[in-house]
There are 2 protein chains.
Amino acid sequence: MQDSLTIGELAARSGVAPSALRYYERLGLIRADRTGGNQRRYARAELRRVAFIRISQQVGVSLDEIRAALDSLPEARTPSPQDWARLSASWRGRLDERIRLLSKLRDDLDGCIGCGCLSLQRCALNNPGDALGGEGPGARLMLPRPEADATA
Amino acid sequence: MQDSLTIGELAARSGVAPSALRYYERLGLIRADRTGGNQRRYARAELRRVAFIRISQQVGVSLDEIRAALDSLPEARTPSPQDWARLSASWRGRLDERIRLLSKLRDDLDGCIGCGCLSLQRCALNNPGDALGGEGPGARLMLPRPEADATA
DNA sequence: CCTTGAGTTGAAGTGCCCTTCAACTCACAG
DNA sequence: CTGTGAGTTGAAGGGCACTTCAACTCAAGG
């Protein structure tokens, strides 16, 4: 009942598996103090960081970008509500864009279904300027899977 | 200028890389005839299949599920507009759900930003019944990245 | 003290969706 | 007929976000 949480406690409270928390730490997304016996002890503030990470993932931001965002927080002091608000607000455009694209896809799909033609190339694929762009080599997951786990 | 397309032509017209098309074929998502020299020749209808695949991915459906959906098409005849409409319509709920979740996330985020508290756990994480659920072992990409490529 | 559940590490595995490579063969314009 | 760009294969690589494993050590209740 102190001011710090074990990894198990943080996992339970955040809904993120311990293995994921360790992974986040390796990536520099969160940090932990250590006990004499080398066990992690998390400050309460880390709970908020983890929450921000999960939110950001739902927005569709990669861990690498989340790390960059978190790096912009002040190191000296505990981040203020305004700090968090600024970070969250920075995802707002991303979120809007994602919603817009999916809504457009829904409309296109409705149009196709409605007219029965389902000329998908015209409706939804052949609009390169609009649709999702991606660059560079290496395999990426190009398109989203909705399933995720907030409680496991 | 015949009735069939080479893999390069299909790639160009669909915006999907040849390597991806071969991959789709391995997974049983598309099929190709072969020339005497063992090269793939795609019927025009395959273009529509590929379009459907890409659309489905945007909706957030896995290739495995897409394969299952495509398997439900009649094998005897070329799928009719109604066949495609049925398949597309079957994703409609998924799409709606995704849009709904993202919209809710946006509202939550606005709320948090608005009040400055950013109590993310209450706002957006601690609603397990609502949020994205996932099951089973093995690493999955839990949350979507919007970037994708429809023209490369 | 001692047991037992929780925590530690690095390395390897998993699932998805492809891409890249090497070492060929094909198809067609000239 | 020949050169060249396009196509073929299986195997391996790659990025992401983790999980799993083995082989330990810690922490705390009885």
Side-chain angles (χ1 to χ4, degrees), chain A residues 1-2 4-12 15-30 32-42 50 53-54 56-58 60-67 132 134-150 152, chain B residues 1-2 4-12 15-27 29-30 32-42 50 53-54 56-58 60-67 132 134-149 152:
Chain A
M1 197 60 80
Q2 288 115 247
S4 59
L5 304 167
T6 66
I7 194 169
E9 288 163 347
L10 181 58
V16 174
S19 60
L21 293 175
R22 294 194 194 95
Y23 178 64
Y24 291 166
E25 185 175 334
R26 274 219 308 282
L27 298 190
L29 291 165
I30 58 177
D33 298 323
R34 296 300 181 116
T35 65
N38 198 37
Q39 296 198 353
R40 289 173 181 81
R41 286 303 123 91
Y42 296 95
V50 176
I53 292 165
R54 301 305 270 191
S56 303
Q57 288 188 299
Q58 290 180 55
V61 182
S62 71
L63 291 183
D64 202 55
E65 287 179 287
I66 296 169
R67 190 194 42 66
L132 331 143
E135 280 307 328
R140 275 150 294 130
L141 180 55
M142 325 202 86
L143 293 155
R145 304 215 45 209
E147 283 70 31
D149 194 343
Chain B
M1 198 61 82
Q2 288 113 247
S4 60
L5 305 168
T6 66
I7 194 169
E9 288 164 347
L10 181 58
V16 174
S19 60
L21 293 174
R22 293 194 194 96
Y23 178 65
Y24 291 165
E25 185 175 334
R26 273 219 308 282
L27 297 190
L29 292 164
I30 58 177
D33 298 323
R34 297 299 180 119
T35 65
N38 198 37
Q39 297 197 353
R40 290 173 182 81
R41 285 304 123 92
Y42 295 95
V50 175
I53 292 165
R54 301 306 271 190
S56 303
Q57 287 188 299
Q58 290 180 55
V61 181
S62 71
L63 291 182
D64 202 54
E65 287 179 286
I66 295 169
R67 189 194 41 68
L132 331 144
E135 281 306 327
R140 275 150 294 128
L141 181 56
M142 325 203 86
L143 293 154
R145 304 215 45 208
E147 283 70 32
D149 195 344

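Letters A, B, ... are given to chains in the order of the sequence lines, protein chains preceding strands, and every chain is numbered from 1.
- In this structure, B/L21 places its CG atom 15 Å from P of C/dC17, rounding to the nearest Å.
- B/N38 meets the side-chain contact (heavy atoms from CB on, under 4.5 Å) test with B/R34; sequence neighbours excluded.
- At the phosphate of D/dG7, OP1 or OP2 sits under 4.0 Å from a side-chain N or O atom of B/T6.
- Not counting sequence neighbours, the partners of A/T35 by the side-chain contact (heavy atoms from CB on, under 4.5 Å) test are A/Q39, A/R41.
- The distance between atom CG of B/L27 and atom P of C/dC16, rounded to the nearest whole Å, is 10 Å.
- One atom, CZ of B/R22, and another, P of C/dT20, lie 12 Å apart when rounded to the nearest Å.
- In this structure, the CG atom of B/D64 is 12 Å from the C1' atom of C/dC17, given to the nearest Å.
- OP1 or OP2 of C/dC18 has at least one side-chain nitrogen or oxygen of B/Y24 nearer than 4.0 Å.
- Side-chain contact between B/R40 and B/L5: absent, with no pair of heavy atoms (C-beta onward) separated by less than 4.5 Å.
- Protein atom CD1 of A/I30 is 14 Å distant from nucleotide atom C1' of D/dA17, rounded to whole Å.
- Between B/Y42 atom OH and D/dG7 atom C1' there is a gap of 10 Å when expressed in whole angstrom units.
- Per the geometry, OH belonging to B/Y23 stands 19 Å off P belonging to C/dC21, to the nearest Å.
- OP1 or OP2 of C/dT19 has not a single side-chain nitrogen or oxygen of B/R26 nearer than 4.0 Å.
- Checking C/dC18, D/dT8, D/dC18 against every side-chain atom of B/R40, the shortest atom distance belongs to D/dT8.
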Decide yes or no on side chain to side chain contact (heavy atoms under 4.5 Å, CB included) for B/Y42 and B/L21, but give the supporting numbers first.
CA-CA 11 Å; B/Y42 295 95; B/L21 293 174; 4.2 Å; yes
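- Following rounding to the nearest Å, B/E25 (CD) and C/dC18 (C1') show an atom-to-atom distance of 15 Å.
- For A/R34, taking side-chain heavy atoms from C-beta onward, the closest of the listed nucleotides D/dA17, C/dC18, C/dT8 is C/dT8.
- The salt bridge (Lys or Arg N to Asp or Glu O under 4.0 Å) search around A/R26 returns none, not counting sequence neighbours.
- B/D33 is linked by a side-chain contact (heavy atoms from CB on, under 4.5 Å) to B/R31, counting only residues two or more places apart in sequence or in another chain.
- Residues satisfying the side-chain hydrogen bond (donor to acceptor under 3.5 Å, both in side chains) criterion with A/R22, sequence neighbours excluded, are absent altogether.
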Each nucleotide N or O in nucleotides 27-30 of chain D that has a protein N or O under 3.5 Å away: list the pair and distance.
unit_1: D/dA27; atom_1: OP1; unit_2: A/T35; atom_2: OG1; d: 3.1

